[in-house]
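Here the structure is laid out as C-alpha cells; the discussion comes afterwards.
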Amino acid sequence: MEALDNPEVFEVIVPKPARTGGTVIAENHALKRLDIDRNGDVMWYLAGPTEVNSYADRVLRPLMEDHKALAERLPKAGTKGNTAKIKRVGSQTLELMVMSGSTTTNRQAAFIVFDEPDSYSKAYRSNFIEQGRQRQRMLGNDRKIYACAHPDIGWSGGISAAWVLSSQGIFVMQCPDCGGHGSPYPTKYWPEVPRFRLHYDKSPEGTPIDRRLARAEASTGLSCPHCGSILDEAQRTEMVSEGAFMHKGQTLDIKAGIIGDPEKNRTWGFWVHVIMSPQVAMGELARELEG
C-alpha cells in the first residue's frame, strides 16, 4: 500500500498464496481513490464471468454499502451508475470486467487491477502488464497498476514473469535465537540469501495417514538456516511482524540485515510466501504438505 501511494511507483506486482490479503491491498487503494483522492477511474479485471459475478456479490456490494461516505454518493441502486459491476461515485467509476479484447479496447483508467492474472486466458495471462500500460498511455505519470496472483504457471509467464521485471522484492526476517537474517522464499534471483524453511517430522512408510498428519502437525516449526533452531508459532509471528522487504540495489548482511537503498524502479515487486501469513498456522501447512 505504501508503494501504491508513492508517486514515483507506477506498478505493483505481488505473487502470493491464496487467501493472504493480496486483493485487500487493491480494495483499500481503490476506496481511497474514490473517497479521498477523487481522481481517475478504476478498472478491475478478473478471469471470467463467474469470477466477476462472484466478486461483485461477495465483495464489491458490501464493500460499497458498508462505506458510509461512498454509499451516500452512489446513485440509486439499479440505475446505470450503480449496478452489480459498475459503481459511479461522483465523476469516478469503478468497474469489474472479464479480461478480454472487448474490455481492453478504447478504455483507460488511472488505477487498473489485475486480479489473479495467472488464471486469465492464454492470450492475456502473460501480457497483462502491457495491456494495462496501453490503457494508461494518455495519462502520463498519473497512473497505477496493481497485480496479484498465485503463481500457477511458474516462471514462464503470468505474475512470476511480471515480478522478474520489477524490483524483485523478497521478505527478510531475523532468527530470534541467533540473530541471523534470511528469507522464507529468496527465489532463484537471490541465491545468496539463506532460507527459513518449514520443518516437521515425517513418519515411516506405511504409517496410517491420520497418524502421519498428527505427527506432522505436532512437530512443525520454522527451521533457521544459521543455527538450526526450530522456531515455534509465536516466534514466527514476531519475526514476520518485525521483517521487511529487500529490493534490487540492496544487499543482505547476515547479522546487520538489509543494507543500502533500493534502485529507482517504476515497477515494484513483493513476493509473499505463505510463511509470512499469520492467518495460516504452520501446523496446518505441515498437514497439507504431508497429506
Side-chain angles (χ1 to χ4, degrees), residues 13-25 116 118 148-156 158-160 163-164 166 168-247 250 252-255 257-258 269-291:
I13 313 297
V14 184
K16 66 174 188 67
R19 310 309 301 167
T20 51
T23 306
V24 176
I25 294 169
E116 296 295 341
D118 282 38
C148 68
H150 187 277
D152 291 323
I153 60 176
W155 295 104
S156 62
I159 198 75
S160 297
W163 176 88
V164 171
S166 74
Q168 297 182 0
I170 60 169
F171 197 69
V172 170
M173 44 194 199
Q174 184 178 24
C175 173
D177 285 356
C178 69
H181 289 79
S183 173
Y185 186 55
T187 78
K188 62 183 181 180
Y189 290 91
W190 296 84
E192 72 282 6
V193 175
R195 182 175 183 178
F196 290 98
R197 294 180 181 272
L198 185 72
H199 165 86
Y200 65 89
D201 294 339
K202 293 187 70 69
S203 302
E205 284 293 322
T207 302
I209 184 64
D210 58 337
R211 286 166 53 190
R212 286 171 53 196
L213 297 183
R215 182 178 181 183
E217 184 174 18
S219 62
T220 190
L222 193 62
S223 176
C224 174
H226 307 292
C227 66
S229 292
I230 305 301
L231 307 165
D232 63 24
E233 193 69 71
Q235 290 172 307
R236 188 269 292 242
T237 301
E238 183 178 357
M239 291 165 67
V240 172
S241 69
E242 295 177 353
F245 276 94
M246 179 171 68
H247 299 269
Q250 297 177 302
L252 182 67
D253 182 276
I254 300 305
K255 289 298 181 183
I258 300 170
F270 301 85
W271 196 293
V272 177
H273 189 269
V274 71
I275 289 296
M276 297 163 53
S277 176
Q279 299 104 301
V280 184
M282 289 193 293
E284 179 184 340
L285 288 175
R287 285 181 67 92
E288 289 180 3
L289 287 170
E290 185 65 6

Given side chains that start at C-beta, do those of [X] and [Y] come closer than 4.5 Å, heavy atoms only?
X	Y	value
Ile275	Leu285	yes
Leu231	His199	no
Cys224	Asp177	no
Met282	Leu198	yes
Arg195	Pro184	no
Pro194	Ile254	yes
Ser183	Phe196	no

Exercise for the section: Kindly indicate, with the supporting measurements, whether the criterion side-chain contact (heavy atoms from CB on, under 4.5 Å) is fulfilled by Phe171 and Val272. Expected result: CA-CA 7 Å; Phe171 197 69; Val272 177; over 6 Å; no

Is the side chain of [X] donor-acceptor paired with the backbone N or O of [Y] at a distance under 3.5 Å, no angle test?
X	Y	result
Glu284	Val280	no
Asp201	Ala216	no
Thr207	Ser203	no
Ser241	Glu238	yes
Trp190	Gly169	no
His181	Leu252	no
Glu242	Met239	no

Handout entry: Electrostatic pair Glu116-Lys16, nearest N-O below 4.0 angstrom
Key =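 Yes, charged N to carboxylate O under 4.0 Å.
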
Problem - Salt bridge Glu233-Arg236, side-chain N to carboxylate O under 4.0 Å - result: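 Looking at Glu233 and Arg236, the cut-off is met.
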
Separation of [Y] [atom2] from [X] [atom1] (nearest 0.5 Å):
X	Y	atom1	atom2	answer
Ser160	Asp152	OG	CG	9.0 Å
Asp118	Ile159	CG	CD1	6.5 Å
Glu288	Leu213	CD	CG	10.5 Å
Arg215	Asp210	CZ	CG	13.5 Å

Which heavy atom in [X] sits nearest to a heavy atom in [Y], and how many Å separate them?
X	Y	answer
Gly158	Ile153	N-CD1, 3.4 Å
Gly221	Ile230	CA-CG2, 3.7 Å
His226	Gly182	NE2-N, 4.5 Å
Gln174	Lys255	NE2-O, 4.3 Å

Exercise for the section: For Gln235 and Leu222, run side-chain contact (heavy atoms from CB on, under 4.5 Å): C-alpha distance rounded to whole Å, both residues' side-chain angles, the deciding distance at 0.1 Å, then the answer. Expected result: CA-CA 9 Å; Gln235 290 172 307; Leu222 193 62; over 6 Å; no

Exercise for the section: Applying side-chain contact (heavy atoms from CB on, under 4.5 Å), run through Asp253 and Ile258 and close with a yes or a no. Expected result: CA-CA 6 Å; Asp253 182 276; Ile258 300 170; over 6 Å; no

Exercise for the section: List the steps and the verdict of side-chain contact (heavy atoms from CB on, under 4.5 Å) for Thr187 and Trp163. Expected result: CA-CA 11 Å; Thr187 78; Trp163 176 88; 3.4 Å; yes

Practice task
Report yes if the distance between the aromatic ring centroids of Trp271 and Tyr185 is under 6.0 Å, otherwise no.
Solution key: yes

Exercise for the section: Return yes if a side-chain donor-acceptor contact under 3.5 Å exists between Gln279 and Ser277, otherwise no. Expected result: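 Side-chain D/A pair, Gln279 to Ser277: present.
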
